Every structure is written in C-alpha cells, then in structure tokens.
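What you see below is based on every heavy atom in this structure, not just the backbone, and it leaves out hydrogens, waters and symmetry mates. This is a predicted model, so every value here is computed, not measured.
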Amino acid sequence: MKLKSKLRAGSRLRGGILRLPAEMLVELSGIANLDYVLVDCEHGPDDLVPLQQHIALAQAHGLPVLVRVGRADPNQVLRVLDLGADGIVVPHVESAREAEEVVRSAHYPPRGERGFATYSRAGRYGAVTATEHLRNAEDVLVVAMVETAAGVENTAEIVAVEGIDAVWVGPADLAVSLGVPPGDQAVHRATAEVHRQARDAGAAVMAIVSSAEAGAAGDADLVVYNLAHILLGTFRALAATEDTGSG
C-alpha cells in the first residue's frame, strides 16, 4: 500500500529525517521497518545524484521516501518526484496562494503543472504506460510546513487547499518568527492551534520528535524522528560511560 493510502486509512506512520550522504542510515531505516524516510534537502545538500542513489537504496528495502525541498521551486519539485520520491515537504508556506503553487508543482495537469515524462526514474525509464504513470502520480504526498507567524495566522486557508495532505509546524523557525526562545509556550500554543485547524480540515499532522518516548506520547499522524539528535545523544552516552577495564 502506498504511503499516502496508509495515511488516509488512518495508519500512524513513523520515519526518520536525515541529510545526505547517509546510505547506512537509509539502510538501517529499512531494516528497522520504519514506515518512511525523510531526506532533508533544505538544511542538507540537495545534490540530485546522491539523492537518486538514496531513493534507489530505500526502495530496494521497500522504504518510501519523502524529500524536504529547499524551497517551493517547481523545477526542484519536478526533479525530486522524477527521481521517484513518494512525496515532498515544502518549507515556509505562508498562504493559500503559496499552498496552491506547491500542489500545482507536485501534480500533472489538469490538477497541476508538473512537466510530464515517462522516461524518468519514476516512470521506470519508460517501462510503464502513460496511463499507469499518471495513476501512480496521484499518490504523491504533499506536506506544507508552517514556520512563521504569518503561516500560523493563515493555517485555515492553507489546509483548505485541495491537495495539501498534511501540515508540519517547524518549531525552531516558528520560535524565531515569534521572537521567543525555542520551546516557549507561545510556540506550543501556536502549534496546537495549527494542528487543530489541520484536523478540522481533514489534513494529517506531521511532527518532529527526538526520542521514541516522545513519538509514542504525541498524536501526530506522521512522526519524524530527529535521527541526528538521537544519534548524538547515543554517542554522548557512550562517551560518558565509565571505563571499568577488562581486568
């Protein structure tokens, strides 16, 4: 079942966010049976050749791939989806107009404006028919990130845009936008309001967490484990372990 279909069926999906290059983490995510992996091309390198290699490796393990693009650039979205990504995450969406542009970039006509080609990797280099390729493209998952005060204020109109499947509040950027420290109650209140409006509109909620416990305790439909933070904590714990010697 496609990632988007699982989400619509009410499944709670768990994945990890990683930056390139991270072949081993992609493999480990698949071996560990995570539901998806999110490759970050906003705060990590957005080199397309390594990205293609990571997507191919993930798919070899049956692991769906979402890609956070660096910006709402139709050309970048096109290339990411042509490489075979199952969906996109677009940062800093602040209005219905911007949300509509994101949806158009992710879908073929008549719904959108994505350039059509079956000879891309997503089209199995021409091995699928145009009809099949169009049908598969309908399952592209589109996540809009709300990361500013303006985005919070306009959440209702953003999630009302047909084709926005989920919303993700970026807590760090939102704190900066609100002029408060990360973790401030103002961020928590704004996040809760965004989540409420998303659910009222029938959109899913994505949230980043830094531990398995936080992922289990939250109510997000798409849980994103911050793998860098989790690994750093693990390495620090290993470094702090007292050396008792071997005798």
Salt bridge check: are R19 and D40 linked by an N-O gap of less than 4.0 Å? yes

Are M145 and L3 connected in the hydrophobic side-chain network, where two residues link if heavy atoms are under 4.5 Å apart? yes

Extract all donor-acceptor atom pairs below 3.5 Å that involve side chains of residues 164-177 and protein atoms in other chains or at least two apart in sequence.
unit_1: D165; atom_1: OD2; unit_2: V142; atom_2: N; d: 2.8
unit_1: S177; atom_1: OG; unit_2: A149; atom_2: N; d: 2.9

Determine whether a donor-acceptor pair (N or O, by modelled atom type, separation under 3.5 Å) exists between the side chain of E113 and the backbone of R104. no

Measure the shortest side-chain to side-chain distance between V187 and P182 over non-hydrogen atoms and say whether it is less than 4.5 angstrom. no

Any side-chain heavy atom of H195 sitting closer than 4.5 Å to one from V205? yes

Tell me whether D184 contacts the main-chain N or O of V180 through its side chain, where contact means a donor paired with an acceptor under 3.5 Å. no

Under the side-chain contact (heavy atoms from CB on, under 4.5 Å) test, which residues partner P109, sequence neighbours left out? none

Are V65 and V26 linked, directly or through other ILVMFWY residues, by side chains that come within less than 4.5 angstrom of each other? yes

Check whether any side-chain heavy atom of R114 lies under 4.5 Å from a side-chain heavy atom of V140, and answer yes or no. yes

Any donor and acceptor pair, going by atom type alone, linking the side chain of K6 with main-chain N or O of S11 inside 3.5 Å? no

Intermediate values then yes/no, ring pair (Phe, Tyr, Trp, His ring centres under 6.0 Å), F116 and Y108: CA-CA 7 Å; F116 183 79; Y108 291 125; 5.0 Å; yes

Any side-chain to backbone donor/acceptor pair from H54 onto L20? Under 3.5 Å, distance only. no

Looking at L66, is its backbone amide N or carbonyl O close enough to the side chain of D86 to form a donor-acceptor pair, meaning the two atoms are under 3.5 Å apart? no

Verify the cluster assignment for L25 and V224: are they in a single hydrophobic cluster under the rule of side-chain heavy atoms below 4.5 Å apart? no

Less than 4.5 Å apart, side chain to side chain, heavy atoms only: is that true for L78 and S105? no

N226 side chain reached by V209 side chain, heavy atoms, under 4.5 Å: no

Are L57 and E23 packed together at the side-chain level, in the sense that at least one heavy-atom pair is separated by less than 4.5 angstrom? yes

With sequence neighbours left out, the residues meeting side chain to side chain donor-acceptor pair (under 3.5 Å) with R196 are E193, D200

Please check: side-chain N/O of Q197 versus main-chain N/O of T155, any donor-acceptor pairing under 3.5 Å? no

Indicate if V37 and V90 have the same hydrophobic cluster label, given that clusters are the connected sets of ILVMFWY residues with side-chain heavy-atom separations under 4.5 angstrom. yes

Should we count NE2 of H229 as having more than 12 external heavy atoms under 6.0 Å? no

Counting only heavy atoms from other residues, nucleotides and ligands, does the tally under 6.0 Å from CZ of F235 exceed 12? no

Run the side chain to side chain donor-acceptor pair (under 3.5 Å) test against D221 and tell me which residues pass, sequence neighbours left out. R199

Can you list the residues that meet the side chain to side chain donor-acceptor pair (under 3.5 Å) rule with T148, with sequence neighbours excluded? E94

Among pairs that include at least one residue of residues 84-105, which meet ring pair (Phe, Tyr, Trp, His ring centres under 6.0 Å), considering only residues two or more places apart or in two chains? none

Side-chain heavy atoms of E162 within contact of E100, under 4.5 Å: no

Would you mind reporting whether V89 and V69 have side-chain heavy atoms less than 4.5 Å apart? no

Give a yes-or-no answer on whether the side chains of R121 and Q59 include a donor-acceptor pair shorter than 3.5 Å. yes

Are there more than 12 heavy atoms of other residues, nucleotides or ligands under 6.0 Å from atom CD of E153? no

